[in-house]
**Q** 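Dumping the structure here so I can ask a few things about it.
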Amino acid sequence: MDSIDLVTVGIIAINLLVSIKGFNDVNFFDRYKFSVGAIKAGQKERMFSSGFLHVDFSHLFFNMFTLFFFAPIVIAWLGAVKFVIIYVISLIAGSLLSMVFHKDEDYYTAVGASGAVTGILYAAILLDPWMQINFIIPGWVFGIGYLIYSIYGMKSRLGNIGHTAHFGGAVGGYATTLILMPGLALQDPLMVGLLAIPIVALFALQKLGKI
């Protein structure tokens, strides 16, 4: 097993261990989950720790399976260290956007690696926009569609899903990838611009009070 495999397995292992601890210890789960009220009271570490907790094994499996699928693309392009940087920044970006959109909802809580994983997914699409997802859909089409769906989910409060964290993670993955590999903007400005459309749309809608 090389270093590329080890860094992905390491992140999956941390998620697994922390999540299992949360499954078996309600006090631990409640202490480290994302909670707007608790974060406003000073427990800022929840913005990070919540990204390693999951509701159940199916939630954990879906996130880790998605990470396992897209992580090799990012690592192949940027290396293991930059992959970890994107993962961490995407996790935090997901929590930050959740705080922005739910700042007046002290009762709002969330857990899961979805923000970090979505950041890796969006980074992979930015790096390889023509990858095939489900053997049919070009990556860039899936990425834009997914963020449009996330905007709809945020606006309609669709399901028990952290759409805001997903979107924030994608923004973190997109921005960090461009910072780490600025040449992408010159190599493929069309795709860089297309993948930015839903991000610009969200903040425009938020500015106009539509979401």
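Along the sequence shown, residues are numbered consecutively beginning with 1.
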**Q** Give a yes or no on whether the backbone of G169 and the side-chain of Y174 come within a donor-acceptor separation of less than 3.5 Å.
**A** no
**Q** How long is the gap from CE on M64 to CG on L60, to the nearest 0.5 Å?
**A** 6.0 Å
**Q** Could you state whether L91 and F62 fall into the same hydrophobic cluster, counting links through intermediate Ile, Leu, Val, Met, Phe, Trp or Tyr residues with side-chain heavy atoms under 4.5 angstrom apart?
**A** no
**Q** Okay, side chain of S50, backbone of K33: is any donor-acceptor separation there less than 3.5 Å?
**A** no
**Q** Taking the six-membered ring for Trp, are F57 and F61 ring centroids under 6.0 Å apart?
**A** no
**Q** Taking the six-membered ring for Trp, are the ring centroids of H54 and F23 within less than 6.0 Å of each other?
**A** no
**Q** Report yes if some heavy atom in the side chain of Q132 is under 4.5 Å from a heavy atom in the side chain of I137; otherwise report no.
**A** no
**Q** Mind checking whether I179 and L127 sit in one hydrophobic cluster, side chains of I, L, V, M, F, W, Y counted as touching below 4.5 Å?
**A** no
**Q** Is a donor on one side and an acceptor on the other found under 3.5 Å between the side chain of R46 and the backbone of R31?
**A** yes
**Q** Out of curiosity, Y122 OH to T118 OG1, how far, rounded to the nearest 0.5 Å?
**A** 11.0 Å
**Q** In this structure, are over 12 heavy atoms from other groups packed under 6.0 Å from F28 atom CZ?
**A** yes
**Q** Indicate yes or no for a side-chain donor-acceptor contact from H102 to the backbone of S98 under 3.5 Å, with no hydrogens or angles considered.
**A** no
**Q** Distance-only, no hydrogens or angles: does the S49 side chain make a donor-acceptor pair with backbone N or O of Y32 under 3.5 Å?
**A** yes
**Q** Classify the ring geometry of F65 against F69: parallel below 30°, tilted from 30° to 60°, perpendicular beyond 60°.
**A** parallel
**Q** I'd like to know if I151 and V200 are part of one continuous hydrophobic network [Ile/Leu/Val/Met/Phe/Trp/Tyr, side-chain heavy atoms within less than 4.5 Å].
**A** no
**Q** With a 3.5 Å distance limit and no angle check, can you tell me whether S90 reaches the backbone of G173 through a side-chain donor-acceptor pair?
**A** yes
**Q** Strictly distance-based, threshold 3.5 Å: is any side-chain N or O of D128 a donor or acceptor partner for the main-chain N or O of A124?
**A** no
**Q** Can you tell me if S19 uses its side chain to pair, donor with acceptor, with the backbone of F52 under 3.5 Å?
**A** yes
**Q** Which label fits Y149 and H163: parallel for a plane angle under 30°, tilted from 30 to 60°, or perpendicular past 60°?
**A** perpendicular
